[in-house]
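Numbering starts at 1 and runs along the sequence shown. Heavy-atom basis, side chains included; hydrogens, waters and symmetry copies ignored.
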Amino acid sequence: MSRNAVTDQPILALPQGITAWRNSLFLIFAACGASIASVAARIPTISLELGLSTGQVGLLLSSMAVGSVIGLFASGHVVAHFGSRNTIRVAFSTLGVGLAVASFGIAVFGSFIVSFIALIIVGLSMGVCDVAMNVSGAANEQAIGKTVMPIYHAFFSIGTVIGASLGALAEALHVPLDIHITFVVAIGITSVLVTSRFVLPERPLVAEGELAEPASTWRSRLAIWKEPRTILIGLIVLGVAFTEGSSNDWLSYSMVHGHGTNRAVGALVYSVFLTAMTACRLLGPRVLDRFGRVPVLRTAAALATVGLLLFIFVPVFWVNILAVVLWGAGASLGFPVGMSAAADDPAKAAARVSAVATIGYCAFLIGPPLIGFLGNQFGILNGLLLVLVLVAMSGVLSFAAREPARVRS
């Protein structure tokens, strides 16, 4: 059996289908990103269709976060029981149907309640699908002995760029929300169902070439929550998820209601953020392998801080674009690095990824309504100052994501 030259860990003899496996994961990550960003880009239209205030928009968006936290808490058990491939198929299909129902609830029925309930289902499905994708990605990363998780997340970001761009185009062409979202999710579900058949069962290795046995009971999986490193990595992910999520929820809205642009420009600026984040994620493996996780996370926190300060306090369009680029760069690597760090121990990967993602997704639970409340009281741009606190926390705690000790070959 061959061994990784850097870590001296045994490398799994990969089947010939490994290329298809990797490619299928790229496409699945992208499909998830495109689906979510298609809705995020049209938040100004959603608020107009339902006649919502800034605080009510935050309440509506919190429905997805509520569902996500429920889904994430259960995801470790679901993935352990059904496997990543089956979990991805069912969860993404449910996500797509939920988005379609939500869009009809908004555009056709004008119902806050229907869209709120549908978005809870969307969030639950996304939470489960997210953990299943990351567990598969982490197992693949360990099997090939290279840093690849940021590239998977880059494809998620590529999907969000495509979704946001479609959203901007739909805004410019005045395409009804329900038609736009139904079109996007139909393509997404078809793509995932076709490509997910190439996702292979994850069987990560531990030392001496033995296959890792994942935690097999509810009690053993819940014990992960007692480990300090799990909590610290979760708080890092919480900070970067808040940084990224605030852009998904409020960037296009802030451009329209804070900087006075039209809705198409707001959606376009959101796509600039996503493009910057995607580019940095594609460069991520090279940067992480050269400098290590901790320096990269600290630099990312600094970039996000500068970007947010410029965006909030400088009302000049070209400065706003620069600010969004820095914001996107700073938000780019925290989540994938957190997932890799959570999966450092293959035997605990599914349970710890689930726990860390659950903590991180609390940002999506408290973020939308809290920023919405602050936006109502002090203006949406000032409401974004809250993000700076979470960015700082992420930078301070970055030491917890340090790579495990490596053995010289």
Exercise. From L235 CG over to I359 CD1, what is the distance, rounded to the nearest 0.5 angstrom?
Worked result: 6.0 Å
Exercise. With sequence neighbours left out, what residues match V319 under side chain to side chain contact (heavy atoms under 4.5 Å, CB included)?
Worked result: L310, V314, V316
Exercise. Between L288 and P150, what is the shortest heavy-atom contact and its length?
Worked result: CD1-CG, 3.6 Å
Problem set entry | Residue pairs involving residues 88-114 (criterion side chain to side chain donor-acceptor pair (under 3.5 Å); sequence neighbours excluded) | R89-S196
Exercise. So, do F313 and L385 sit near enough that their side-chain heavy atoms are less than 4.5 Å apart?
Worked result: yes
For this session: Check step by step if side chain to side chain contact (heavy atoms under 4.5 Å, CB included) holds for M277 and V161.
Result: CA-CA 10 Å; M277 189 165 62; V161 171; over 6 Å; no
Seminar exercise, completed: Interatomic distance, CZ@F156 vs CD1@I158, rounded to 0.5 Å, equals 12.0 Å
Problem set entry | From L308 atom CG to L384 atom CG, the distance as rounded to the nearest 0.5 Å | 7.0 Å
Exercise. Got a sec, which residues hit side chain to side chain contact (heavy atoms under 4.5 Å, CB included) with I321, two or more places apart in sequence or on another chain?
Worked result: V269, V272, F317
Exercise. A186 and T190: which non-hydrogen atoms are nearest, and at how many Å?
Worked result: O-OG1, 2.9 Å
Exercise. Considering all heavy atoms of both residues, which atom of A40 and which atom of Y270 are nearest to each other, and what is their separation?
Worked result: CB-OH, 3.7 Å
Exercise. R229: what forms a salt bridge (charged side-chain N to carboxylate O under 4.0 Å, His left out) with it, not counting sequence neighbours?
Worked result: D344
For this session: Taking T182 for its side chain and I179 for its backbone only, find out whether a donor-acceptor pair lies under 3.5 Å.
Result: no
Exercise. Are any of the side-chain heavy atoms of L381 and H259 separated by less than 4.5 Å?
Worked result: yes
For this session: Using the side chain to side chain contact (heavy atoms under 4.5 Å, CB included) rule, take S115 and L50 through it: C-alpha gap first, then chi angles, then the decisive distance, then the call.
Result: CA-CA 10 Å; S115 55; L50 295 178; 4.1 Å; yes
Problem set entry | F112 and L52: CA distance, side-chain angles, deciding distance, side chain to side chain contact (heavy atoms under 4.5 Å, CB included) verdict | CA-CA 9 Å; F112 182 93; L52 304 179; 3.9 Å; yes
For this session: For the residue pair D130 and F335, establish whether any side-chain heavy-atom pair is separated by less than 4.5 Å.
Result: yes
For this session: For this output row, return yes or no: ring centroids of F155 and F26 closer than 6.0 angstrom.
Result: yes
Problem set entry | Nearest non-hydrogen partners of I233 and A341, listed with the distance | CD1-CB, 3.8 Å
For this session: Kindly write out the residues that satisfy side chain to side chain donor-acceptor pair (under 3.5 Å) with T230, not counting sequence neighbours, or none if the list is empty.
Result: R352
Problem set entry | Whether S68 side chain and G123 backbone form a donor-acceptor pair below 3.5 Å | yes
Seminar exercise, completed: Rounded to the nearest 0.5 angstrom, the CZ-OG distance for F92 and S191 is 7.5 Å
Exercise. Are the side chains of L386 and F242 in touch, meaning some heavy atoms are under 4.5 Å apart?
Worked result: yes
Seminar exercise, completed: Tightest non-hydrogen contact, residues V184 and S38, listed as CG1-OG, 3.5 Å
Problem set entry | Pairs involving residues 26-44, ordered by first then second residue, that meet salt bridge (Lys or Arg N to Asp or Glu O under 4.0 Å) (sequence neighbours left out) | R42-E171
Seminar exercise, completed: dist T45:OG1 -> I106:CD1 (nearest 0.5 Å) comes out at 10.0 Å
Exercise. Does S252 reach the side chain of V256, with side-chain heavy atoms less than 4.5 Å apart?
Worked result: no
Exercise. Quick check: does any side chain N or O of S340 sit under 3.5 Å from a backbone N or O of V337, one acting as donor and the other as acceptor?
Worked result: no
For this session: Could you name each residue pair satisfying side chain to side chain donor-acceptor pair (under 3.5 Å) that touches residues 376-401, not counting sequence neighbours?
Result: R298-S398
Exercise. Any salt bridge (Lys or Arg N to Asp or Glu O under 4.0 Å) pairs touching residues 271-287, not counting sequence neighbours?
Worked result: E244-R281
Seminar exercise, completed: Contacts satisfying side chain to side chain donor-acceptor pair (under 3.5 Å) that involve residues 304-331 (not counting sequence neighbours) are none
Exercise. L303: what forms a side chain to side chain contact (heavy atoms under 4.5 Å, CB included) with it, not counting sequence neighbours?
Worked result: T299, L326, A329
Exercise. Quick check: does any side chain N or O of T261 sit under 3.5 Å from a backbone N or O of M255, one acting as donor and the other as acceptor?
Worked result: yes
Problem set entry | salt bridge (Lys or Arg N to Asp or Glu O under 4.0 Å): pairs with one or both residues in residues 105-124, sequence neighbours excluded | none
Problem set entry | Heavy-atom check, side chain of L309 versus side chain of L388, under 4.5 Å | yes
Problem set entry | Side chain to side chain, I371 and V387, heavy atoms closer than 4.5 Å | yes
Problem set entry | Pairwise side-chain contact, L333 with R293, heavy-atom cut-off 4.5 Å (strictly under) | no
Problem set entry | Aromatic ring pairing W250/Y253, orientation class (parallel under 30°, perpendicular over 60°, tilted between) | perpendicular
Exercise. Is it true that atom CZ of F373 has more than 12 heavy atoms of other residues, nucleotides or ligands lying nearer than 6.0 Å?
Worked result: no
Problem set entry | Approximate separation, where rounding is to 0.5 Å, of M133 CE and I88 CD1 | 7.0 Å
Exercise. Quick one: side chain to side chain contact (heavy atoms under 4.5 Å, CB included) partners of V39, sequence neighbours excluded?
Worked result: I46, L99, I181
Seminar exercise, completed: All heavy atoms of L282 vs all of A154, minimum pair found to be CD2-CB, 3.6 Å
Exercise. Can you check side chain to side chain contact (heavy atoms under 4.5 Å, CB included) on L169 and H180, steps first, answer last?
Worked result: CA-CA 10 Å; L169 180 62; H180 165 217; over 6 Å; no
